[in-house]
Amino acid sequence: MSESITFVTDRKEGEPCLLSGLEREPLSVRDSEGVEIARIEPGQTGWTHDTLTAHAQFEAEGPLDAYLGGSWVGSTEV
């Protein structure tokens, strides 16, 4: 089953940038028990909201959470 992660890194004017300082951290996707099912290194320019959403589909059953470094940045449950 394919699960799609919604990233909360998109921002509107005046909102803080949640990616600030995390652009070069690996993307870690974990299942509901905290087991890492995928780890993706950032490209040469680092992560942006658009590059994260390009990596939003994962083959898994159940909820998934996404982290950059140790910071939560998205979930299938958002």
Side-chain angles (χ1 to χ4, degrees):
M1 177 175 190
S2 182
E3 297 286 341
S4 183
I5 293 176
T6 299
F7 290 96
V8 296
T9 54
D10 196 16
R11 70 180 192 151
K12 297 179 182 161
E13 190 173 325
E15 293 180 337
C17 180
L18 297 176
L19 289 175
S20 183
L22 302 174
E23 302 93 334
R24 303 264 180 219
E25 295 289 334
L27 172 63
S28 173
V29 179
R30 302 175 193 168
D31 67 15
S32 61
E33 295 181 9
V35 175
E36 186 174 74
I37 66 158
R39 183 176 190 85
I40 304 168
E41 296 296 326
Q44 291 182 351
T45 58
W47 293 111
T48 66
H49 179 72
D50 291 336
T51 59
L52 284 171
T53 56
H55 291 87
Q57 292 291 94
F58 294 91
E59 291 298 320
E61 289 189 31
L64 300 173
D65 286 304
Y67 297 84
L68 289 178
S71 298
W72 180 87
V73 293
S75 175
T76 55
E77 301 293 297
V78 174

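- The side-chain contact (heavy atoms from CB on, under 4.5 Å) test applied to Thr6 returns Val78, not counting sequence neighbours.
- For Gln44, there are no side-chain contact (heavy atoms from CB on, under 4.5 Å) partners, not counting sequence neighbours.
- Taking CG from Leu18 and CG from Asp10, the interatomic distance works out to 10.0 Å, rounded to the nearest 0.5 Å.
- Counting only residues at least two apart or in different chains, ring pair (Phe, Tyr, Trp, His ring centres under 6.0 Å) contacts with residues 13-60 comprise Trp47-His55.
- Applying the ring pair (Phe, Tyr, Trp, His ring centres under 6.0 Å) test to every pair with at least one member in residues 5-29, sequence neighbours left out, gives no pairs at all.
- Here Ser71 pairs with nothing under the side-chain hydrogen bond (donor to acceptor under 3.5 Å, both in side chains) rule; sequence neighbours left out.
- Put simply, CG on Leu19 and OG1 on Thr51 are 8.0 Å apart, with the number rounded to the nearest 0.5 Å.
- Taking Gln57 as the reference, Ser2, Ser4 meet the side-chain hydrogen bond (donor to acceptor under 3.5 Å, both in side chains) condition, with sequence neighbours excluded.
- Here the OG1 atom belonging to Thr9 is positioned 8.0 Å from the CG atom belonging to Leu68, to the nearest 0.5 angstrom.
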Under 3.5 Å, which donor-acceptor pairs link side chains of residues 32-41 to any protein atom two or more places apart or in another chain?
from	atom 1	to	atom 2	distance (Å)
Glu36	OE2	Ser28	OG	2.6
Glu36	OE2	Arg39	NH1	3.1

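- Ser75 and Ile5 make their closest contact through N-CG2, 3.6 Å (heavy atoms, listed as atom of the first residue, atom of the second, distance).
- Applying the side-chain hydrogen bond (donor to acceptor under 3.5 Å, both in side chains) rule to pairs touching residues 18-27 yields nothing, sequence neighbours excluded.
- Across every non-hydrogen atom of Pro63 and Thr76, the tightest pair is CA-OG1, 3.2 Å.
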